2 protein chains.
Amino acid sequence: MARPRGFCEEEALDKALDVFWRHGYEGASLAVLTEAMGINRPSLYATFGNKEELFRKALDRYISVKNAVFDEALAEPTGRDVVRHLLRKAAEMMTEPGHPVGCLAVQGAISCSDESEPVRQELIRIRRGHEDQIRKRFAEEQAAGRLPDGTTPEDLAMLLATIANGMSIQASTGATREQLLTVAENAARAWPQVSNDGSDAARNTAAE
Amino acid sequence: MARPRGFCEEEALDKALDVFWRHGYEGASLAVLTEAMGINRPSLYATFGNKEELFRKALDRYISVKNAVFDEALAEPTGRDVVRHLLRKAAEMMTEPGHPVGCLAVQGAISCSDESEPVRQELIRIRRGHEDQIRKRFAEEQAAGRLPDGTTPEDLAMLLATIANGMSIQASTGATREQLLTVAENAARAWPQVSNDGSDAARNTAAE
DNA sequence: CTAGTTATGTACCGAACGGTATATAACATT
DNA sequence: AATGTTATATACCGTTCGGTACATAACTAG
């Protein structure tokens, strides 16, 4: 071996993650990244490849943490519990003190120049993957007879993912953690559910 | 007068709107803009000021169209009708053939470099304004005794805005118009509503 | 201490960015 | 037709972008 590197790779990656999270992939310049990571360009390129690879590695770290929480939520006993757990955790993760607000998978590259299209597609893949995990969980509910008539796992998964995505925008708009938790609770309460008398209640209340 | 301009200002603005809508404020380069608008840089600067002013003018056009639809939705008789109308129209406007998918107010500058912060703030102002209009409409519902106990106009407005924002991300993720319309319908059906027997039903079904 | 290896710091690369100076072309007015 | 005025086309400005060549510093192995 020779001269050892003068910085911690994981710490630097976390700093990069913070910058990408805050400014998005394209909005994060090499100047800001190296400044935040406390290293210079050649060290960055030697260690992480290039800007895109750096982003993907930072994204991996972000997603792996997120997936653990995700799996917890999916383990809840009922559909409504899954919804509540997932949206609560989303609200918390999107308003974590010391971190940028919102979700990297949503804000990272929602619109960009053609040059960054691969990154945008990668985030799309991730969002679709999450929705698909939810769908599978709701399919279990359906198999257990706990989905109201007229609802499908696909539709409910898309609705849930829509709300979670929307929370990211709301966080970016300035919504507080408390506000997002209220959104989560209200969504969970209103969630379509089979009533215990056996009737379905995809439609809330009988008032029509 | 002297030499007349060789292009239609409104047509050019619509072309610019399309580019900003598709690529976001920062992702839209002058090269792409002028190419799409069919004019060259000096004409653009003489007519529209600079990139930021061009964006704001394109945004004005976009928002004015949107506001008309918005007002229609708010005129619906009940809260649930407002929700359904608004989300349906949102689904349609976010998947209009011949236009970029999603909503410019969401995708235009959700994350960007510090340089574009004013534009980002402007979009935040617009999103907040929309949510506030919804809140006022729900406040009317509350005054009429049509809001379930435990719900507030603020909370419901934020929930609705969250879903609408989320639909923009879903459109960007590749959701079809039909899928978004299903999201809209499911959200409207589940919407918290006072039942006709006088009891409240912020919580969907009695199954707990 | 020397040699070999790897990381760092500086200074730079070509390309693309938003924006503009300047010359010319196209019109209205007289 | 001559003149004044405005729009267009070209070619360029300084700056920033992502990325790298190169010299030097810091370490290990012998």
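Just so we're on the same page: letters track the sequence lines, and every chain starts at 1. Bear in mind the structure is a predicted one, so any value in this text is a computation, not a measurement.
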Check DNA chain D against residues 11-32 of chain B and give the residues with a non-hydrogen atom under 4.0 Å, in numerical order.
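Residues of residues 11-32 of chain B under 4.0 Å from DNA chain D: none.
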Residues in contact with DNA chain C, drawn from residues 44-57 of chain B - heavy-atom cutoff 4.0 Å:
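The answer is Tyr45(B), Asn50(B), Lys51(B).
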Under the side chain to side chain contact (heavy atoms under 4.5 Å, CB included) rule, collect the residues that match up with Val83(A), sequence neighbours excluded.
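In terms of side chain to side chain contact (heavy atoms under 4.5 Å, CB included), with neighbours along the sequence ignored, Val83(A) is linked to Leu87(A), Phe138(A), Leu160(A), Ala188(A), Trp191(A).
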Under the side chain to side chain contact (heavy atoms under 4.5 Å, CB included) test, residues paired with Asp132(A) that sit two or more places apart:
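Partners of Asp132(A) under the side chain to side chain contact (heavy atoms under 4.5 Å, CB included) test: Arg135(A), Lys136(A).
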May I ask you to check whether Ser168(B) and Asn165(B) show a side-chain donor-acceptor distance below 3.5 Å?
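On atom types as modelled, these side chains do not qualify, holding no pair under 3.5 Å.
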Ignoring hydrogens and angles, state whether a donor on the side chain of Gln179(B) or Glu154(A) is under 3.5 Å from an acceptor on the partner side chain.
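No, no side-chain donor-acceptor pair sits under 3.5 Å.
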Distance in angstrom units between [X] [atom1] and [N] [atom2], rounded:
X         : N       : atom1 : atom2 : value
Glu115(B) : dA16(C) : CD    : C1'   : 14 Å
Glu35(A)  : dG9(C)  : CD    : P     : 13 Å
Leu33(A)  : dC17(D) : CG    : P     : 10 Å

Could you tell me whether Glu96(B) atom CD has more than 12 heavy atoms of other residues or ligands within 6.0 Å of it?
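Yes - once you tally the heavy atoms of other residues, nucleotides and ligands closer than 6.0 Å, there are more than 12.
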Does a sphere of radius 6.0 Å around CD in Glu35(A) hold more than 12 heavy atoms from other residues, nucleotides or ligands, not counting ones at 6.0 Å or beyond?
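Not more than 12 within 6.0 Å, no.
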Relative to each other, are the rings of Phe20(A) and Tyr25(A) parallel, tilted or perpendicular (30° and 60° limits)?
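Rings of Phe20(A) and Tyr25(A): parallel, as their planes differ by under 30°.
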Tell me if a side-chain donor or acceptor on Thr47(B) pairs with a main-chain N or O of Leu44(B) at a distance below 3.5 Å.
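Such a contact is absent between Thr47(B) side chain and Leu44(B) backbone.
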How long is the gap from CZ on Arg177(A) to CE on Met93(A), to the nearest 0.5 Å?
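Rounded to the nearest 0.5 Å, the CZ-CE separation comes out at 10.5 Å.
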Where protein sits on nucleotides 9-14 of chain D, one letter per nucleotide: B base, S sugar-phosphate only, - none, heavy atoms under 4.0 Å:
BB----
Output all residues satisfying salt bridge (charged side-chain N to carboxylate O under 4.0 Å, His left out) with Arg56(B), sequence neighbours left out; order by chain, then residue number.
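With neighbours one apart ignored, the set is Glu52(B), Glu122(B).
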